[in-house]
2 protein chains.
Amino acid sequence: MPAIHTLETPPATRRAHTVGCTGCAHASACQAGGYGKDELSGLRRIVEKVGLLRDGEYLYRPRTPFRALYAVQSGMAKTVTVDSAGREQVLAFHLPGELFALDAICLGYHDNAVIALGRTQFCRFPFDSLRCLATTQPDVQWHLMHTMSRQIHQQRLSGGDYPAEERMAAFLTDLSDRRAMLGLRADHLPLPMSRADIGNHLRLATETVSRLLARFRDAGFIRIDRQGLDILDGRALRDVGRHLLQG
Amino acid sequence: MPAIHTLETPPATRRAHTVGCTGCAHASACQAGGYGKDELSGLRRIVEKVGLLRDGEYLYRPRTPFRALYAVQSGMAKTVTVDSAGREQVLAFHLPGELFALDAICLGYHDNAVIALGRTQFCRFPFDSLRCLATTQPDVQWHLMHTMSRQIHQQRLSGGDYPAEERMAAFLTDLSDRRAMLGLRADHLPLPMSRADIGNHLRLATETVSRLLARFRDAGFIRIDRQGLDILDGRALRDVGRHLLQG
DNA sequence: CGACTCTTTGATCCTGATCAACACCGGTGG
DNA sequence: CCACCGGTGTTGATCAGGATCAAAGAGTCG
């Protein structure tokens, strides 16, 4: 398992404040921005834009103070922990509109890192403002709870004891479903992360990831190209992973 | 893997309303009750007592409407999902004071079951009252967020790809630490769940659980008896599981 | 006591990890 | 332009951790 990326954190000056979500392609499907609902417009007034980060650059690092929640605006990112032995673990991949850093609230600092996969922009929700907003607007409060609940709920899926093939199929189907929810093409998955990242996340060796994808390709479920893959038979794929999906 | 328990849900009439947490031994260490903090006294006024449930009895079942959050009052419980193939998965064990059912908020119904391990009593926090309370008292709101954040944070530990021995050691150490936090004896762990439950939760066969415990016993780390085990060398145990513990 | 379940221990097997070699691509410099 | 290089991905061969199979103790409850 290779060591941590050594690219430098981008200077804070690269962060640019913007006024809200107007013009963002994902605004109406964005979890972080409240799916464009009027009652949650407050959320979209406190957002700041961060980026552009390049592949491998850090949004934040472990042991840095928790000041804000984030979402991906465009591109993709991964959350990674490093344990006491230096081994890293990919906890999640983030698609546009998905809120993260929720786990840092209880600690007051980040104990994991978020790293850009390819060129990626982020939205930043300063936690002070958010807290303020939540005390005055029950809708915002409710939305946050809802989001956290969903995250608790979803994480449980990835823990299960299922064969490698099922985990991989479920992973691809889940990515596809999340893209569909965002209004993106569900039959095409860009995979800017390495095979090692996918394997780490699914508790598989990179060789196994490669072999499983080859198997799905040979079965006619997917077509693989350099930047990702096309889903040719989503039904079949979903069926392989069915035990892991949505209980 | 055996099928689901077949014991019947206890009649609703067994539920008894009480006035708050006065007299509860865990009140000052109870997460659900706000650790006895004055600002959160509202929490302790809306609580109802549920129980007593006997071993194997259900607190709630999948596909039942979500009406309340719960905590264990005395005893122990497990949260279990059943997948589409009928295989069950033990998601968590709950000690007194620990809040659960947080994952049902986003769905509006429970998609897993909570089952008593030995004779167990529960505390019930009606969600309507809780929501009310949270809108008027920012402290309550904050406390809930904190609790959910912690849950998101902790769940990540159980997903990792570590050898069986480390997972088992980390599991025992975690249980011990949680007991210490509640003011219970940390050097003695009652284990009212079956080896199969432990194995399921840790993605291990029951035979492996048995073998690992025997190994720890032979190494002088623990003493095993019928109702649980005594920790003789907590340091050694923690060291075996160190990679999984607290990042 | 006897039927039953849960746990423990031993023997064998299999999935997926590890080791090893090669192909592929993107960049760099001559 | 091509030779070279390091990183990433693919494929094959071997290995091992833990599962599965099998059977015997140990409680528990009728």
Side-chain angles (χ1 to χ4, degrees), chain A residues 1-7 54-56 78 87 89-90 117-119 160-171 189-219 222-229 240 243, chain B residues 1-7 54-56 78 87-90 117-119 160-169 171 189-219 222-229 240 243:
Chain A
M1 193 109 332
I4 332 169
H5 288 228
T6 50
L7 289 172
R54 285 186 297 264
D55 189 57
K78 60 175 176 180
R87 286 181 297 226
Q89 192 184 330
V90 176
L117 298 166
R119 302 179 145 250
D161 179 29
Y162 294 92
E165 189 178 51
E166 295 184 23
R167 293 213 298 280
M168 177 62 83
F171 170 70
L189 304 182
L191 296 176
M193 71 293 270
S194 66
R195 298 286 190 264
D197 281 338
I198 297 174
N200 184 309
H201 182 236
L202 297 175
R203 303 192 302 267
L204 299 173
T206 73
E207 294 92 331
T208 307
V209 173
S210 199
R211 274 185 258 266
L212 288 171
L213 289 177
R215 195 185 301 176
F216 289 154
R217 165 173 43 72
D218 296 346
I222 59 174
R223 184 195 356 257
I224 303 174
D225 60 57
R226 183 126 291 269
Q227 33 267 358
L229 54 82
V240 174
H243 297 135
Chain B
M1 195 109 330
I4 331 171
H5 288 227
T6 50
L7 290 171
R54 284 186 298 265
D55 189 59
K78 61 175 176 179
R87 286 180 297 226
E88 51 181 82
Q89 192 183 330
V90 176
L117 298 166
R119 297 175 151 256
D161 178 28
Y162 294 92
E165 190 177 49
E166 296 183 22
R167 294 213 297 281
M168 178 61 81
F171 171 70
L189 304 183
L191 296 176
M193 72 292 272
S194 66
R195 298 285 190 264
D197 281 339
I198 297 175
N200 184 310
H201 181 236
L202 298 175
R203 302 193 303 266
L204 299 173
T206 74
E207 294 92 330
T208 307
V209 173
S210 199
R211 275 185 256 267
L212 288 171
L213 289 177
R215 195 184 301 177
F216 289 155
R217 165 174 43 69
D218 296 347
I222 58 174
R223 182 193 0 256
I224 303 175
D225 61 58
R226 183 120 294 268
Q227 33 268 0
L229 54 82
V240 174
H243 298 135

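Note on naming: letters A, B, ... go to the chains in the order of the sequence lines (proteins, then strands), and numbering restarts at 1 for each one. Predicted, not measured: the structure shown is a model, and the values here were computed from it.
Between B:Arg167 atom CZ and B:Tyr162 atom OH the span is 11.0 Å, to the nearest 0.5 Å. Put simply, CD1 on A:Ile198 and NZ on A:Lys78 are 11.0 Å apart, with the number rounded to the nearest 0.5 Å. To the nearest 0.5 Å, the span separating CG on A:Asp161 from CG on B:Asn200 amounts to 8.0 Å. The distance from atom CD1 of B:Ile224 to atom CG of B:Leu189, rounded to the nearest 0.5 Å, is 11.5 Å.
Nucleic acid contact class of B:Ser194 (heavy atoms, under 4.0 Å, all strands): sugar-phosphate only. Heavy atoms of B:Ala164 sit under 4.0 angstrom from primed sugar atoms or phosphate atoms, though from no base atom. B:Arg217 comes within contact range of the sugar-phosphate backbone alone, with a heavy-atom separation under 4.0 Å but no base atom that close.
Take A:Arg215 and apply the side-chain hydrogen bond (donor to acceptor under 3.5 Å, both in side chains) test, not counting sequence neighbours, and it matches A:Glu165. Looking at residues two or more places apart in sequence or on another chain, you find no side-chain hydrogen bond (donor to acceptor under 3.5 Å, both in side chains) involving B:Gln227. Listed by chain and residue number, A:Asp230 satisfy the salt bridge (Lys or Arg N to Asp or Glu O under 4.0 Å) test with A:Arg223 (two or more places apart in sequence, or in another chain).
Closest non-hydrogen pair, A:Asp197 versus A:Leu117, comes out as OD2-CD2, 4.1 Å.
When the C1' atom of D:dT10 is taken as reference, atom CZ of A:Arg215 falls 14 Å away, rounded to whole Å. In this structure, CG of A:Leu212 is placed 13 Å from C1' of D:dT10, rounded to the nearest angstrom. A straight line from CZ of A:Arg203 to P of C:dA17 spans 10 Å, rounded to a whole angstrom. A straight line from CG of B:Asn200 to C1' of C:dC6 spans 16 Å, rounded to a whole angstrom. Rounding to whole angstrom units, CZ of residue A:Arg195 and C1' of C:dT18 are separated by 19 Å. If you measure from atom CE of A:Met193 to atom P of D:dG7, you get 22 Å, rounded to the nearest angstrom. With rounding to whole Å, B:Ile224 atom CD1 is found 11 Å from C:dT7 atom P. Residue A:Glu166 contributes atom CD, which lies 13 Å from atom P of C:dT15 at whole-angstrom precision.
Bending across the helix from C:dC1-D:dG30 to C:dG30-D:dC1, expressed as the angle between its end axes from five pairs apiece, amounts to 30° (10° rounding).
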I'd like a table of donor-acceptor pairs (distance under 3.5 Å, sequence neighbours excluded) in which one partner is a side-chain atom from residues 203-214 of chain B, with atom names and distances.
| from | atom 1 | to | atom 2 | distance (Å) |
| --- | --- | --- | --- | --- |
| B:Arg203 | NH1 | A:Gly159 | O | 3.2 |
| B:Arg203 | NH1 | B:Ser158 | O | 3.3 |
| B:Arg203 | NH2 | B:Gly160 | O | 2.9 |

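Dashed line: the shortest gap from a side-chain N or O of A:Thr208 to OP1 or OP2 of C:dG16 is not under 4.0 Å.
Contact annotation: the side chain of B:Met168 never approaches that of B:Val240 to less than 4.5 Å [non-hydrogen atoms, C-beta and beyond].
Comparing B:Gln227 and A:Ser210, the nucleotide of DNA chain D nearest to each residue sits closer to the 5' end for A:Ser210.
The side chain of A:Leu204 sits closest to C:dA17 out of C:dA17, D:dG9, D:dG18. Closest to the side chain of B:Ala205, out of D:dG18, D:dA19, C:dG16, is D:dA19.
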statement: Per-nucleotide protein contact along nucleotides 19-25 of chain C, 5' to 3', at a 4.0 Å heavy-atom cut-off (B base, S sugar-phosphate only, - neither), is B-----S
